[in-house]
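Since this is a predicted model, take the numbers as computed values, not measurements. First the proteins, then the strands, lettered A, B, ... as listed; each starts at 1.
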2 protein chains.
Amino acid sequence: MTSLERLCQERGLSMSRQRRLIIRVLSEARTHLSAADLHQRVTELDPDISLATIYRTLTIFEEEGVLKRLDFGDRKMRYEQADKEPHDHLLDTTDGSVVEFQAPEVAALLATIAARLGYRLDGYRLDVFASPDDSRAESARACVTAVQPPAKRPRSRHHHHDGREHSAPGR
Amino acid sequence: MTSLERLCQERGLSMSRQRRLIIRVLSEARTHLSAADLHQRVTELDPDISLATIYRTLTIFEEEGVLKRLDFGDRKMRYEQADKEPHDHLLDTTDGSVVEFQAPEVAALLATIAARLGYRLDGYRLDVFASPDDSRAESARACVTAVQPPAKRPRSRHHHHDGREHSAPGR
DNA sequence: GTAGGTGCAAATCATTTGCCGGCGG
DNA sequence: CCGCCGGCAAATGATTTGCACCTAC
């Protein structure tokens with residue numbers, strides 16, 4: 001039995017044929033899936049599953065703490081198992097792959113900053129955009145979640161200025 | 001002349017009646033406005049401006065580096081003047097207000113982390129969720145951008161588990 | 001047997017676009 | 001004058017929901 005199934009049981013969630021399939025696909029996926037991704041894969045195993053069911057199930061699983069919802073900013077939510085070690089995501093801007101990393105310093109720093117402003121840290125949302133440092137081979141390219149790189153829309157017209165992108169990479 | 005107008009001129013953007021109004025409203029706003037917010041306010045000054053124009057203008061202004069697009073995760077984009085000092089946003093989870101803050105340590109830390117993973121930092125997207133630390137009065141409540149706090153949808157049912165929320169506030 | 005789960009289609013919501021007449025430089 | 005600009009309405013795309021039927025426990 002997969003850990004996801006176990007999680008569902010612990011939450012007392014009833015298991016239908018479609019939920020079992022959804023869990024199976026999620027368990028086998030090595031990337032963060034969106035509702036559409038999931039629907040496509042589940043449909044291959046059983047063509048009679050509605051997208052609405054996928055959405056309803058994902059929503060319930062998230063509310064029950066079985067899944068965690070991810071928002072990489074490309075307007076489609078992704079999901080990952082909720083009981084993993086807390087981590088953040090680095091998005092490779094060259095191919096949309098996602099690397100998970102643990103860095104407790106981040107939360108620590110943000111807590112400090114929040115305190116400095118008179119607040120108590122409740123949580124945060126962070127996406128790190130980065131490109132491979134060609135000065136050496138990548139250690140372990142993992143989670144290839146096809147996140148469309150934060151590219152500018154093709155819309156062009158004139159063009160008088162230089163191109164400063166993204167949010168403050170800071171000096 | 002406002003700095004936004006100046007920015008537009010520098011970019012060689014043509015100024016129509018509607019663009020002038022949009023710039024005026026943006027300049028007067030002390031919060032981060034969404035297209036709908038902007039449209040509502042502009043409409044009060046001139047009822048004949050289409051939402052499509054608002055969107056097209058915001059898009060162009062962003063492409064031209066006049067405005068910066070913000071995504072607070074509530075599926076509506078907000079905008080702020082692009083020539084401000086680089087900063088991040090702290091979202092007050094109790095009332096949706098937004099506090100801007102500068103913290104070069106963040107970019108520095110993320111650059112270090114990226115390097116550790118074999119990447120070069122291109123940029124990042126960060127939202128800090130926090131609640132007022134009641135142990136003292138807030139210094140200066142500023143930008144009250146009504147961002148709907150990352151609250152769980154009302155959808156309730158059973159409830160067997162404890163409630164761990166948000167992304168890793170870290171241990 | 002009954003509350004909860006599911007399929008289907010229609011509805012939302014933010015945002016985009018085609019078309020076409022009108023204005024700015 | 002001419003190409004960019006703006007209005008309107010229809011189109012998108014992700015996600016949600018109303019309704020009636022079906023099934024897990």
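- OP1 and OP2 of dA14(D) both lie 4.0 Å or more from every side-chain N or O belonging to R75(B).
- Residue Y55(B) places at least one side-chain N or O closer than 4.0 Å to OP1 or OP2 of dT15(C).
- H89(B) is linked by a ring-ring contact (aromatic ring centres under 6.0 Å, His included) to H32(B), F72(B), H87(B), counting only residues two or more places apart in sequence or in another chain.
- Map A36(B) and M15(B) each onto its nearest nucleotide of DNA chain C; the residue landing nearer the 5' end is A36(B).
- In summary, the side chains of S34(A) and R78(A) do not present any donor paired with an acceptor at a separation below 3.5 Å, with no hydrogens or angles considered.
- For dC25(D), the OP1/OP2 oxygens have no side-chain nitrogen or oxygen of S14(A) closer than 4.0 Å.
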Report the C-alpha distance between C8(A) and M15(A) in whole Å, list the side-chain angles of each, state the deciding distance to 0.1 Å, and finish with yes or no for side chain to side chain contact (heavy atoms under 4.5 Å, CB included).
-> CA-CA 8 Å; C8(A) 288; M15(A) 295 303 277; 4.2 Å; yes

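- Looking only at atom types and distance, the side chain of Q81(A) has a donor-acceptor partner in the side chain of S3(A) under 3.5 Å away.
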Verify side chain to side chain contact (heavy atoms under 4.5 Å, CB included) between Q9(A) and M1(A), making sure each step is shown before the conclusion.
-> CA-CA 11 Å; Q9(A) 284 190 178; M1(A) 172 187 285; 3.0 Å; yes

Protein-nucleic acid N or O pairs under 3.5 Å, nucleotides 7-10 of chain D:
unit_1	atom_1	unit_2	atom_2	d
dG7(D)	OP1	Q18(B)	NE2	3.2
dG7(D)	OP1	D48(B)	O	2.3
dG7(D)	OP2	S50(B)	N	3.1
dG7(D)	OP2	T53(B)	OG1	2.2
dG7(D)	N7	R56(B)	NH2	2.9
dG7(D)	O6	R56(B)	NH2	3.1
dC8(D)	N4	R56(B)	NH2	3.3

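- Closest approach to the A35(B) side chain among dT16(C), dT15(C), dT6(C) is made by dT15(C) (side chain taken as heavy atoms from C-beta onward).
- Counting to the nearest Å, the P atom of dT15(D) and the CD1 atom of I60(A) are 16 Å from each other.
- We find that NE2 of H39(B) is positioned 13 Å from P of dG6(D), with the value rounded to whole Å.
- In this structure, CE of M77(B) is placed 14 Å from P of dA14(D), rounded to the nearest angstrom.
- Whole-Å rounding puts the L38(B) CG to dG6(D) P distance at 13 Å.
- Counting to the nearest Å, the P atom of dT6(C) and the CD1 atom of I22(A) are 7 Å from each other.
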Derivation and outcome, side chain to side chain contact (heavy atoms under 4.5 Å, CB included), residues L126(A) and L110(B) = CA-CA 10 Å; L126(A) 171 68; L110(B) 297 182; 3.9 Å; yes

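- When the P atom of dT16(D) is taken as reference, atom CD of E63(A) falls 10 Å away, rounded to whole Å.
- Nucleotide dA14(C) holds its C1' atom 15 Å from the CG atom of D74(A), rounded to whole Å.
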List the steps, then state whether side chain to side chain contact (heavy atoms under 4.5 Å, CB included) holds for R19(B) with L13(B).
-> CA-CA 10 Å; R19(B) 287 193 180 181; L13(B) 296 171; 4.1 Å; yes

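- The separation between L13(B) atom CG and dG25(C) atom C1' is 14 Å, rounded to whole Å.
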